[in-house]
Amino acid sequence: MLVSAKEMLEKAHKEGYGVAQININNLEWTKAVLEVVEELKSPVILGVSEGASKYMGGYGTVVAMVKALDKFYHVSVPVAIHLDHGTYEGAFKALEAGYTSIMFDGSSYPFAENLAKTKEVVAACHAKGVSVEAEVGAIGGEEDGVIGLGEVADPEECRQIAATGVDMFAAGIGNIHGKYPDNWPGLRFDVLEAVKKVTGNVPLVLHGGTGIPADQVKKAISMGVSKVNVNTELQLAFAEATRKYIEAGKDRIGKGFDPRKLLAPGTEAAKQVVREKLEMFGSIGKA
Ligand code: 13P
């Protein structure tokens with residue numbers, strides 16, 4: 001059931017669990033996520049970056065594919081198609097194409113511009129019943145082999161962006177995309193607490209869900225995080241299972257080279273990661 005992310009996050013925020021945003025990259029990923037959430041009766045947000053949208057053949061293709069699979073699998077749980085880290089232009093294009101939720105990531109703009117553009121995106125999306133996520137304090141990650149430790153958001157900026165009427169809000173609290181370096185000091189719960197104080201009832205989003213220890217994720221959820229984003233962990237699991245299949249020479253046995261066979265172990269491994277995350281975030285049976 002395709003819906004905006006607004007109600008599912010309000011419910012999660014009220015009841016104290018987290019909704020997973022699982023990023024999709026192709027048909028296999030999308031099937032994997034939809035099958036698991038239906039089986040476990042969990043709401044879900046399908047995250048689609050602009051790069052992934054382009055890879056899959058554009059925003060329209062993504063919407064058509066998810067809608068068709070939703071129907072094919074008789075998905076009864078709430079599912080949102082969410083633009084992940086959208087640019088200003090991308091936000092409007094994805095909205096036009098039928099995404100049910102949009103993240104406008106204005107964190108790289110000077111603050112006043114982030115605020116002004118977020119307001120415009122909120123007005124356009126809310127006119128169509130589409131939910132909006134905004135961000136303050138860029139979430140770092142690996143760039144050219146250098147791993148940034150992630151910015152920490154300024155609470156006053158968070159207060160102003162949250163007051164634009166966004167439906168969910170991402171603040172940098174020392175989290176980063178991709179694998180965490182060995183010397184990562186952990187999430188900044190002091191910053192999370194300060195952000196929560198000024199953003200009130202707006203559900204918070206934790207990016208960079210790959211590799212954050214379960215106890216830290218659960219603590220963040222107990223402090224007002226209602227959406228946790230996971231991408232890299234599925235990719236790692238998929239790659240590892242596919243490597244094993246090929247290293248065992250299975251692609252050379254019978255019709256083992258058929259993509260329906262070749263991609264099956266990786267897809268199953270990705271499904272297992274989704275199950276683990278839903279369990280960790282507490283959203284099983286909440287749909
Ligand atoms: P990871 O790739 O680190 O799981 O982060 C995903 C994410 O935050 C997408 O916005």
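Just so you know, residue 1 is the first one in the sequence shown, and it goes up from there. Whatever order the structure lists them in is the order used to number ligands and atoms, beginning at 1.
Of the protein's non-hydrogen atoms, Thr232 OG1, 2.5 Å is the one closest to atom 2 (O) of ligand 1. Taking atom 8 (O) of ligand 1 as the reference point, the nearest protein heavy-atom neighbour is Gly208 N, 2.8 Å. The protein heavy atom nearest to atom 10 (O) of ligand 1 is Asp84 OD2, 2.8 Å. The shortest contact between atom 3 (O) of ligand 1 and any protein heavy atom is with Gly178 N, 2.8 Å. Shortest contact from atom 1 (P) of ligand 1 to any protein heavy atom: Thr210 OG1, 3.4 Å.
Not a single heavy atom of Gly47 sits closer than 4.0 Å to an atom of ligand 1. Distances from ligand 1 to the non-hydrogen atoms of Glu233 include no value under 4.0 Å.
Side-chain heavy-atom separations under 4.5 angstrom define the hydrophobic clusters, and the remaining members of the one that includes Ile246 are Tyr245, Leu262.
In the vicinity of Val230, heavy-atom distances shorter than 4.0 Å reach the ligand 1 atoms 4 (O).
Side chain of Glu38 to main chain of Ser76: a donor-acceptor pair is present (N/O by atom type, distance under 3.5 Å, no hydrogens or angles).
Contact annotation for His85 and ligand 1: only side-chain heavy atoms (C-beta onward) come within less than 4.0 Å of the ligand.
No cation-pi contact links Lys117 to Phe104, judged by a cut-off of 6.0 Å to the six-membered ring centre and 45° from its axis. In this structure, Lys219 forms a cation-pi arrangement with Phe189, its terminal cationic atom sitting closer than 6.0 Å to the ring centre and no more than 45° off the ring axis.
The number of heavy-atom neighbours closer than 6.0 Å to CD of Glu96, taken from other residues, nucleotides and ligands shown, is 12 or below.
In this structure, Tyr180 and Trp184 have tilted ring planes: the angle between them lies in the 30° to 60° band.
Among residue pairs with one or both ends in residues 19-59, those qualifying as ring-ring contact (aromatic ring centres under 6.0 Å, His included) are Trp29-Phe238, Tyr59-Tyr99; sequence neighbours excluded.
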